[in-house]
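What follows is one structure encoded as structure tokens, with my remarks underneath.
Sequence lines set the chain letters: A, B, ... in the order given, protein chains first and strands last, and positions in each chain run from 1. Excluded from the calculations below are hydrogen atoms, water molecules and symmetry mates; all remaining heavy atoms, backbone and side chain alike, are included.
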Amino acid sequence: MADYKLKNVCDFDLAQTLECGQCFHFVKLDEEDYVLTAKGYVLHVSQEADTVTFYDTDKDEYVNVWKDYFDMDRDYSAIKKKLLEKDDKLKDAIESMWGVRILNQDFFETLISFIISQNKQIPHIKKIVADISAKFGTYKGTYGGADMYTFPTLEQLANASEEDFKELKTGFRAPYIMDAIRRNMAGQFDINELKSMDYDSCIKELMTIKGVGEKVANCVSLFGLGKKEAFPVDVWIKRIMETMYFDGVDTPKDKIAAFAKEQFGELGGFAQQYLFYYGKSIKMGVK
DNA sequence: CACCAGGCGATCT
DNA sequence: AGATCGCATGGT
């Protein structure tokens, strides 16, 4: 199959978009050159200036899968402009992380991945997601020495047990993962229904899953259900927001979330991701 | 050795 | 409501 080249791309940087912490299932082959899996597909993709190359990809696959995944139809210039008009404190974060787009990821993979993420560092999360995929998912090829497997479907996890996940080093999260799998298998979560639900109801619904609290529910809503007003408050965002908006004073997470809602409104998710990636890159607020 | 990691649930007051 | 702890595992 031929390669598909997307030209004149703006407000998009492949490395920033993948490395900003919103997704875990990819391997870096070289600078601006990655292989990733999502939605049951594998993709080798690279970028040079404003041209993005989707290897062995036809136009239909780009249009039907990757265009939405990379959120290419959204006007990020307008988003940045609105955010900066409202709050010029975001200037450094937006200028530094100008090429981040919020990926539209698969709900189930996002749910399991962020349940795993609690009290873990990103490299560990990536390893566990890759290991779960290697054990239960579908082999899609080897790229630069990395065997790539899709994240398992519910069907592929039909016989998975808590023991399996403990062997995969998920520790105390294993029962949480099982609860999420069982409840999805029981058909308790209709993705279209969750997507059409208002933000507050959606968070509340997700939090009925064991191991899903405010933070994980917000990540799943933002990255897996398209709710761009979600503003996940983790240890980094807490430090960053305290430094930028609370005079460095220790502030409860719910107060930070309430402030963010007031300040960024429906653009909360975009502000959060620029701030998270930028603040983390300069270790803002770390003693 | 201690302490922390894209937190959460249980158990206090 | 709000604060504190334990939790598996791996890294500094």
Side-chain angles (χ1 to χ4, degrees), chain A residues 16-26 93 97 100-103 105 107 109-132 135 161-183 203-225 227-228 230-244 246 249-258 260 264 268-287:
Chain A
Q16 288 182 5
T17 295
L18 294 178
E19 304 277 7
C20 71
Q22 61 178 324
C23 63
F24 306 106
H25 206 169
F26 63 89
M97 301 309 175
V100 170
R101 280 176 183 253
I102 306 278
L103 298 171
Q105 302 180 62
F107 165 72
E109 174 167 353
T110 309
L111 174 62
I112 302 299
S113 299
F114 279 95
I115 286 174
I116 292 164
S117 78
Q118 62 182 263
N119 233 53
K120 272 201 174 300
Q121 296 183 119
I122 291 175
H124 299 160
I125 305 165
K126 288 174 68 174
K127 179 176 182 349
I128 292 175
V129 169
D131 288 349
I132 289 175
K135 186 172 171 80
S161 68
E162 193 173 311
E163 267 314 302
D164 289 322
F165 291 106
K166 286 197 167 152
E167 281 172 18
L168 293 165
K169 306 297 182 188
T170 59
F172 63 85
R173 305 160 192 81
Y176 302 161
I177 295 168
M178 285 308 298
D179 185 49
I181 291 172
R182 285 201 198 94
R183 304 222 9 229
I203 295 290
K204 206 171 155 190
E205 186 65 25
L206 292 173
M207 284 176 63
T208 63
I209 302 168
K210 285 283 179 197
V212 177
E214 293 276 356
K215 193 269 172 183
V216 172
N218 271 277
C219 286
V220 175
S221 296
L222 178 56
F223 304 129
L225 292 169
K227 305 218 178 288
K228 310 301 186 194
F231 191 91
V233 182
D234 69 319
V235 290
W236 278 104
I237 279 292
K238 182 173 184 293
R239 278 196 291 259
I240 292 161
M241 295 293 283
E242 283 167 355
T243 303
M244 288 179 63
F246 293 89
V249 177
D250 185 51
T251 308
K253 288 182 176 179
D254 59 342
K255 282 201 172 160
I256 291 172
F264 309 125
F270 303 102
Q272 195 273 2
Q273 206 55 36
Y274 291 126
L275 286 170
F276 172 81
Y277 194 24
Y278 173 68
K280 197 166 176 283
S281 74
I282 63 165
K283 300 190 189 311
M284 187 187 289
V286 177
K287 289 170 196 116

P gap between dA8(C) and dT11(B), integer Å: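 Straight-line distance between the two P atoms is 15 Å.
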
Rounded P spacing from dG2(C) to dG6(B) in Å: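 That atom pair is separated by 26 Å.
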
Pick base, sugar-phosphate or nothing for [X], based on heavy-atom distances below 4.0 Å to the nucleic acid.
X	value
Cys23(A)	nothing
Val212(A)	sugar-phosphate
Lys215(A)	base
Phe276(A)	base
Ile209(A)	sugar-phosphate
Gly211(A)	sugar-phosphate
Pro123(A)	nothing

Whether Gln272(A) side chain and Ala230(A) backbone form a donor-acceptor pair below 3.5 Å: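 The answer is no, because no donor-acceptor pair under 3.5 Å joins these two groups.
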
Polar side-chain atom of Gln22(A) near backbone of Arg101(A) as donor-acceptor pair, under 3.5 Å: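 The answer is yes, because a donor-acceptor pair under 3.5 Å joins these two groups.
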
Nearest-Å distance for atom pair [atom1]/[atom2], residues [X] and [N]:
X	N	atom1	atom2	value
Lys287(A)	dT12(C)	NZ	P	22 Å
Asp234(A)	dG6(B)	CG	C1'	4 Å
Asp254(A)	dA3(C)	CG	C1'	13 Å
Leu275(A)	dG6(B)	CG	P	17 Å
Ile177(A)	dT9(C)	CD1	C1'	13 Å
Ile116(A)	dC7(C)	CD1	C1'	16 Å
Ile115(A)	dA8(C)	CD1	C1'	16 Å
Arg173(A)	dG10(C)	CZ	P	11 Å

Phosphate OP1/OP2 of dA10(B) contacted by Lys210(A) side-chain N/O (<4.0 Å):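 For dA10(B), OP1/OP2 do have a side-chain N/O of Lys210(A) under 4.0 Å.
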
Arg239(A) side chain near dA5(B) phosphate (N/O to OP1/OP2, under 4.0 Å):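 So the side chain of Arg239(A) is within the cut-off, an N or O lying under 4.0 Å from OP1 or OP2 of dA5(B).
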
Flag for Ser221(A)-Asn218(A): side-chain donor and acceptor within less than 3.5 Å: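 No, because no side-chain N or O of Asn218(A) sits under 3.5 Å from a partner of the opposite role on Ser221(A).
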
First encountered from the 5' end of DNA chain C, between Asn119(A) and His124(A):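 The residue closer to the strand's 5' end, by nearest nucleotide, is Asn119(A).
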
Asp250(A)/Lys238(A) ion pair, N-O < 4.0 Å: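 Salt bridge between Asp250(A) and Lys238(A), a charged N being under 4.0 Å from a carboxylate O: yes.
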
Residue whose nearest DNA chain B nucleotide is more 5′ - Gln22(A) or Tyr176(A):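 So the residue in question is Gln22(A).
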
No-H, no-angle donor-acceptor pair, Gln118(A) side chain to dG9(B) base, under 3.5 Å: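 Result: no qualifying N/O pair found.
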
Test log, rule ring pair (Phe, Tyr, Trp, His ring centres under 6.0 Å), inputs Phe24(A) and Phe114(A): CA-CA 10 Å; Phe24(A) 306 106; Phe114(A) 279 95; 5.1 Å; yes

Met178(A) CE to Asp164(A) CG distance, which is reported to the nearest 0.5 Å: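 Atom-to-atom, Met178(A):CE and Asp164(A):CG are 8.0 Å apart.
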
